[in-house]
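Side chains included, hydrogens not; waters and symmetry mates left out as well; all remaining heavy atoms used. Note on naming: letters A, B, ... go to the chains in the order of the sequence lines (proteins, then strands), and numbering restarts at 1 for each one.
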Amino acid sequence: MPVLPPKMLHDWNLSPKDAIALQKQLAPRVEPGDRIAPVRHIAGVDIGFEDGGATTRAAVVVLRWEPTSAPVLEVVEQVVYREPTRMPYVPGLLSFRETPAALGAFARLATVPELVMVDGQGIAHPRRLGVASLLGLWLDVPTIGVAKSRLCGRHADVGEARGDSTPLEDKGETIGTVLRSRTRVKPLYVSTGHRVSQATALEWVVRCLHRTKLPEPTRLADRLASRRDAPGRR
DNA sequence: GCGACAG
DNA sequence: ATCTTGTCGC
């Protein structure tokens, strides 16, 4: 059940005005409740750029999840996909710049993850449709937005201890959670992407936290998407 | 009109 | 996001 005409994948060129209208049109389709199959595999997605921004590089890393007393997070597959950059970065319209490449990477994935963590906002967005939400809608898969900084909304100061959190609010509604993933390190902005409740989103991010600021799925994808010595680099 | 502003 | 060396810490 494609959300948009497949043709748009190739002609994905919207004016800021049309892009905003499309976000408003799609936002109501985001499912803020849990509709997740038993989680066996979790994917992390992130986008990087090469050639001074001319090339967009999407990276997806799939980890096997085993819910034992000492949780297992093992990499089982990873994909790097490149394509010419289509649009410039515009605050609030990031999804139109990054989603096409992310879809290209997912199309080349053999494993089908039950949960996806995206580097960026979910519904913690001015029109409640960040990159994690759009990708989730398009793939019809549960997604969680894990951003490294704030796009919109306000929040109280977060405790300094690892695990401390406080709600992120905007226009009278709670749109996410600000989480201190590591002591004395800038907090993470966790929000529902699609088909995952806020509480569940936070639980999964905490579960996937190892010793770094970012949860494993996003950390590994981030590394694959940004490292200068990434596979295929000249 | 003046700031704020994911990656 | 990306451009960049060393340096502090586990």
Side-chain angles (χ1 to χ4, degrees), chain A residues 12 16 19-20 22-23 26-27 30 44-61 80-105 116-137 143-155 160-162 168-171 175-179 181-194 198 201 205 209-215 217-230 233-234:
Chain A
W12 194 310
I20 289 175
L22 184 55
Q23 290 180 323
L26 297 176
V30 170
V45 196
D46 191 27
I47 273 64
F49 298 88
E50 302 174 354
D51 312 327
T55 299
T56 298
R57 174 173 57 191
V60 178
V61 177
V80 171
Y81 170 73
R82 296 176 170 77
E83 67 171 36
T85 299
R86 313 175 184 236
M87 309 192 81
Y89 165 67
V90 177
L93 302 182
L94 173 72
S95 60
F96 296 95
R97 174 175 164 84
E98 305 193 338
T99 302
L103 292 174
V116 177
M117 290 179 35
V118 184
D119 187 311
Q121 316 288 352
I123 63 173
H125 176 281
R127 291 168 292 282
R128 309 293 181 261
L129 196 82
V131 62
S133 297
L134 180 62
L135 186 63
L137 272 179
T143 58
I144 296 172
V146 183
K148 299 184 289 297
S149 61
R150 183 189 67 85
L151 172 59
C152 69
R154 304 193 317 151
H155 64 84
E160 291 296 292
R162 184 181 196 275
L168 176 62
E169 305 174 334
D170 186 42
K171 297 172 183 173
I175 58 176
T177 304
V178 185
L179 170 70
S181 57
R182 285 205 73 185
T183 306
R184 277 168 289 141
V185 167
K186 287 212 330 179
L188 251 33
Y189 290 75
V190 180
S191 62
T192 290
H194 182 50
Q198 183 54 48
V205 169
L209 240 28
H210 205 2
R211 296 188 62 185
T212 51
K213 169 182 178 177
L214 298 176
T218 294
R219 182 182 74 81
L220 295 172
D222 196 282
R223 206 179 57 170
L224 244 197
S226 307
R227 282 180 46 165
R228 302 176 128 297
D229 59 332
R233 259 275 197 173
R234 298 183 208 183

request  = Tell me, please, the opening and closing nucleotides of DNA chain B, 5' to 3', among those with an atom under 4.0 angstrom from a non-hydrogen atom of chain A.
outcome  = dA4(B) to dG7(B)
inquiry  = Just to be sure I understand the rule, does Gly48(A) reach a base, reach only the sugar-phosphate, or reach nothing, if contact means heavy atoms closer than 4.0 Å?
reply    = sugar-phosphate
inquiry  = Rounding to an integer number of Å, can you tell me how far Phe49(A) CZ sits from dT2(C) P?
reply    = 7 Å
query = Checking side chain to side chain contact (heavy atoms under 4.5 Å, CB included) for the pair Gln23(A)/Ser95(A): CA distance, chi angles, key distance, verdict?
reply = CA-CA 10 Å; Gln23(A) 290 180 323; Ser95(A) 60; 4.0 Å; yes
key: Residue closer to the 5' end of DNA chain C, Arg182(A) versus Lys148(A) (nearest nucleotide)   = Lys148(A)
Partner of Val205(A) by side-chain contact (heavy atoms from CB on, under 4.5 Å), out of Thr218(A), Leu214(A), Thr177(A), Leu179(A) = Leu179(A)
message = Using every non-hydrogen atom in the two residues, find where Thr143(A) and Gly136(A) come nearest and quote the distance to one decimal.
response = CG2-CA, 3.5 Å
message = Applying a 4.0 Å non-hydrogen cut-off, can you work out what Gly52(A) is touching in the nucleic acid: base, sugar-phosphate, or nothing?
response = nothing
ask   = Tell me: CD of Glu50(A) to P of dT2(C), nearest whole Å?
value = 9 Å
task = Select base, sugar-phosphate, or nothing to describe what Leu93(A) touches, counting heavy atoms under 4.0 Å on all strands.
result = base
request  = Please work out the stems of DNA chain C from pairs that are Watson-Crick or G-U wobble with both distances under 3.5 Å, keeping only runs of three or more consecutive pairs.
outcome  = none
key: Between dT2(C) (C1') and Tyr89(A) (OH): distance, integer Å   = 14 Å
query = What heavy-atom pair brings Asp119(A) and Val131(A) nearest, and what distance separates the two atoms?
reply = O-CG1, 4.1 Å
request  = For Val90(A), report the nucleic acid contact type (base, sugar-phosphate, nothing); a contact means any heavy atom under 4.0 Å.
outcome  = nothing
ask   = In what stems does DNA chain B take part, counting only runs of at least 3 consecutive Watson-Crick or G-U pairs whose two distances fall under 3.5 Å?
value = none
note = note: Asp51(A), atom CG; dA1(C), atom P; distance rounded to Å ~ 17 Å
remark   = Of Asp222(A) and Arg211(A), the one whose closest nucleotide on DNA chain C sits nearer the 5' end is Asp222(A)
message = Strictly below 4.0 Å, N to O, side chains only: are Asp170(A) and Arg150(A) in salt-bridge contact?
response = no
ask   = Is there a donor-acceptor pair closer than 3.5 Å between any side-chain N or O of Ser191(A) and the backbone N or O of Gln121(A)?
value = no
